[in-house]
Amino acid sequence: QVQLVESGGGLVQAGGSLRLSCAASGRTFSTYAMGWFRQAPGKEREFVAAITSSGSFTRYAESVKGRFTILRNNARNTVYLQMNSLKPEDTAVYYCARGTVSYSSYLSDDYDYWGQGTQVTVSS
């Protein structure tokens, strides 16, 4: 059983920064692509960013491109989401997920294990 535990969420003013972390259990973390998704109140879950198993390739939603960076440390079984220049519309619960494909997919169906989520609130 794989467990994913997110941390780092919180309340920040618009223009500020947060760094989310997602710690994964298991010894095969380095063989899986990882992704971040988010869900705002009353909205469907949406893709934010993804990274291949080696970290060589990344993919971002257009809404966060240039502001967010996805990183991973395979030695620590951890994937990060560095969020800069935050906007009120970034307010959501953020989830990390483990990919079932080798590439950095934006499709939630390509992810099998999900964390419990961490709340990010950006005030205007």
S.K.: Under 3.5 Å, is there a donor-acceptor pair between the side chain of Tyr111 and the main chain of Ser105?
M.R.: yes

S.K.: Quick one: does any side-chain atom of Arg59 pair with a main-chain N or O of Gly35 as donor and acceptor, under 3.5 Å?
M.R.: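 A pair under 3.5 Å: no.
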
S.K.: Is a side-chain N or O of Thr52 found less than 3.5 angstrom from the main chain of Ser104, in a donor-acceptor match?
M.R.: no

S.K.: So do the side chains of Ser108 and Glu44 get within less than 4.5 Å of each other, counting heavy atoms only?
M.R.: no

S.K.: Side chains of Arg38 and Val64: does their closest heavy-atom pair fall under 4.5 Å?
M.R.: yes

S.K.: Verify whether the ring centers belonging to Trp36 and Phe68 lie closer than 6.0 Å.
M.R.: no

S.K.: If you take all heavy atoms of Ile51 and Ile70, which pair is closest and at what distance?
M.R.: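 Scanning both residues completely, I find the closest heavy atoms to be CG2-CD1, 3.7 Å.
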
S.K.: Answer yes if Val48 and Leu20 sit in the same cluster of Ile, Leu, Val, Met, Phe, Trp and Tyr residues linked by side chain heavy atoms under 4.5 Å apart, and no otherwise.
M.R.: yes

S.K.: Between Ser17 and Asn84, does any side-chain donor sit less than 3.5 Å from a side-chain acceptor?
M.R.: yes

S.K.: Which atom pair, heavy atoms only, marks the closest approach of Met34 to Arg98?
M.R.: SD-CA, 3.6 Å

S.K.: Measuring from atom CG of Asn74 to atom OG of Ser54, what distance do you get when rounded to the nearest 0.5 angstrom?
M.R.: 8.0 Å

S.K.: Any sub-3.5 Å donor-acceptor pair from Glu6's side-chain atoms to Gln116's backbone N or O?
M.R.: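 Yes; judged by distance alone, with no hydrogens or angles, the pair exists.
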
S.K.: Can you tell me how far apart CZ (Arg19) and CE (Met83) are? Round to the nearest 0.5 Å.
M.R.: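 It is 11.5 Å, given to the nearest 0.5 Å.
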
S.K.: Quickly, which of Trp114, Tyr95, Tyr106 forms a ring pair (Phe, Tyr, Trp, His ring centres under 6.0 Å) with Phe37? Name it, please.
M.R.: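 Exactly one candidate clears the test, Trp114.
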
S.K.: With a 4.5 Å cut-off on side-chain heavy-atom distances among I, L, V, M, F, W and Y, is there a chain of contacts connecting Val93 to Leu4?
M.R.: no

S.K.: Does some side-chain heavy atom of Asp90 sit less than 4.5 Å from a side-chain heavy atom of Arg67?
M.R.: yes

S.K.: Please say yes or no: joined through hydrophobic side-chain contacts below 4.5 Å, possibly via intermediate residues, are Tyr94 and Val79 part of one cluster?
M.R.: yes

S.K.: Under 3.5 Å, which donor-acceptor pairs do the side chains of residues 21-32 form with other protein atoms, sequence neighbours left out?
M.R.:
unit_1	atom_1	unit_2	atom_2	d
Ser25	OG	Gln3	N	2.8
Thr31	OG1	Thr28	O	2.7

S.K.: Identify the residue among Thr118, Leu86, Leu11 that makes a side chain to side chain contact (heavy atoms under 4.5 Å, CB included) with Leu18.
M.R.: Leu86

S.K.: Side chains of Tyr60 and Thr69: closer than 4.5 Å at any heavy-atom pair?
M.R.: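 Contact flag for Tyr60/Thr69 side chains = yes.
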
S.K.: How long is the straight-line distance from SG of Cys96 back to OH of Tyr113, given to the nearest 0.5 Å?
M.R.: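 The SG atom of Cys96 is 13.5 Å from OH of Tyr113, to the nearest 0.5 Å.
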
